[in-house]
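Only one structure is covered here, and it is reproduced in the block below.
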Amino acid sequence: MTKLWMCTALVLTFVSLGQAQTAAATPPMGWNSWNHFACKVTAADIRAAADAIASNGMKQAGYTYVNIDDCWQGKRDAQGNIRANQRFGDMKALADYVHSKGLKIGIYSSPGPKTCAGYEGSYRHEEQDAKQYAAWGFDYLKYDWCSAEKVYQPSQMPEVYKKMHDALAATDRPIVFSLCQYGLDRVWRWGGSVGGNLWRTTDDISDHYDRMALIGFGQNGLERFAGPGHWNDPDMLEIGNGGMKHDEYITHMSLWSILAAPLLAGNDLSKMSAADLAILTNKEVIAVDQDAKGVQGRRVAQEGPLEVWAKPLADGSYAVGLFNRGESANPVTLQLKGIGISGSAHVRDLWAHRDLGSFSGSYTATVPKHGAVMLKVR
Ligand code: GLA
């Protein structure tokens, strides 16, 4: 009897460790309502996003999570159960709809009494809310610090996040846990240990090249904190929202993929241009982001506004980004020895989908203003 019990316990331990390792084994991909819809979001917008992902090629490209951000909450009922507001209505029906498309669904709350937009938070209702999300069928929670600063000390952040992690884990439904506290207290050092699958490393992105570039290029140095199941999150994508030029969105997608960042589109998927869809669904670029080795890339060379970034891939090759942050087109050179290749290497252009041939010593491309060239080098 004791042996049987020990065996069962061992098997259960291995099963649960296995599950822990597979949650967000590669950076989560999907869509989030905030960057485009902000507080105007409705259940109809969520359904339309799911419809678009399921039919426009995004699902096949790997986009899975359809995430509701802030502003879905209504009041709590007499028992303290959180209810959706009238723009959302029946959350179980909404989750069922998204699941019926072969996709997963995410929700949003705050450890504070109020969310950043002033809606009901989870303060003192953590377990009740976790159970409710699981009962509705949610697969992902973004947990945003916001008004928690009014009720907790900054030093309590790890325990506050762990509390919700434990409440989610107790539901028996696998729920990806996304920490959002803007990189405070160097969250990359402890985000994984409190159960975070991803954690925001910065304040909010906006749909402007300067802001996107400041955040994206500023991630250098954080690479050692990322890996399968626990990712640095430089915030959601702005591709398709209209505030940047085509080359700037190419930089956004290239850089986020080299960073092994979560790829959460943030535009109106029901009204997107073919060019923006092509950026979001470039399978060769996405394969860099989703590479099984799970290594976040880093800067390997810089000369003024010209930067070379590289990410080692599972097959022994490298993804390389040649970036031009300058105000006019410029040649950017990859020195092969900078990524440990002596002699020659085969180079493929991942945006042009073209093999460029073999090069010895270095490879140079002209990169447009604010643009990027993305290569696979082996
Ligand atoms: C914060 C977060 C954003 C978004 C808003 C919603 O600013 O960083 O990503 O969730 O709150 O109010």
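Every number for a ligand or one of its atoms is a count from 1 in the order of the listing.
Here the protein heavy atom with the shortest distance to atom 12 (O) of ligand 1 is Asp70 OD2, 2.8 Å. Nearest protein heavy-atom contact of atom 2 (C) of ligand 1 is Asp144 OD2, 3.1 Å.
Applying the 4.5 Å side-chain rule to ILVMFWY residues, one finds Val300, Leu306, Val308, Tyr318, Val320, Leu322, Val332, Leu334, Leu336, Ile339, Ile341, Val347, Leu356, Phe359, Tyr363, Val367, Val373, Val377 in the same cluster as Leu375.
Of the charged side-chain nitrogens involved, at least one lies within less than 4.0 Å of a carboxylate oxygen, so that Asp129 and Arg76 count as a salt-bridged pair. A salt bridge does not link Arg189 to Asp185: none of the charged side-chain nitrogens sits closer than 4.0 Å to a carboxylate oxygen.
The heavy-atom pair separating Leu179 from Gly196 by the smallest distance is CD1-CA, 3.6 Å.
Between the CZ atom of Phe138 and the CE atom of Met91 there is a distance of 4.0 Å, given to the nearest 0.5 Å.
Those atoms of ligand 1 that come under 4.0 Å of a heavy atom in Lys142, given as number and element, are 3 (C), 4 (C), 9 (O), 10 (O). Numbered from 1 in the order shown, with element, the atoms of ligand 1 that lie under 4.0 Å from a heavy atom of Cys116 read 1 (C), 11 (O), 12 (O). For ligand 1, the atoms sitting less than 4.0 Å from at least one non-hydrogen atom of Ala117 are 12 (O), numbered in the order shown with element in parentheses.
Of the listed options Asp204, Asp203, Thr202, Asn67, Asp204 places a heavy atom closest to atom 3 (C) of ligand 1. Closest heavy-atom approach to atom 10 (O) of ligand 1 within the set Asp69, Leu264, Asn32: this belongs to Asp69.
At a heavy-atom distance under 4.0 Å, no atom of Ala38 approaches ligand 1.
Considering backbone and side-chain N/O atoms, Trp34 never comes within less than 3.5 Å of an N/O atom of ligand 1. Considering backbone and side-chain atoms alike, Tyr182 places every N or O at 3.5 Å or more from each N or O of ligand 1.
A donor-acceptor pair under 3.5 Å is formed between the side chain of Thr42 and the backbone N or O of Asp45.
Ile107 and Tyr65 fall into different hydrophobic clusters, where Ile, Leu, Val, Met, Phe, Trp and Tyr side chains are chained together by heavy-atom contacts under 4.5 Å.
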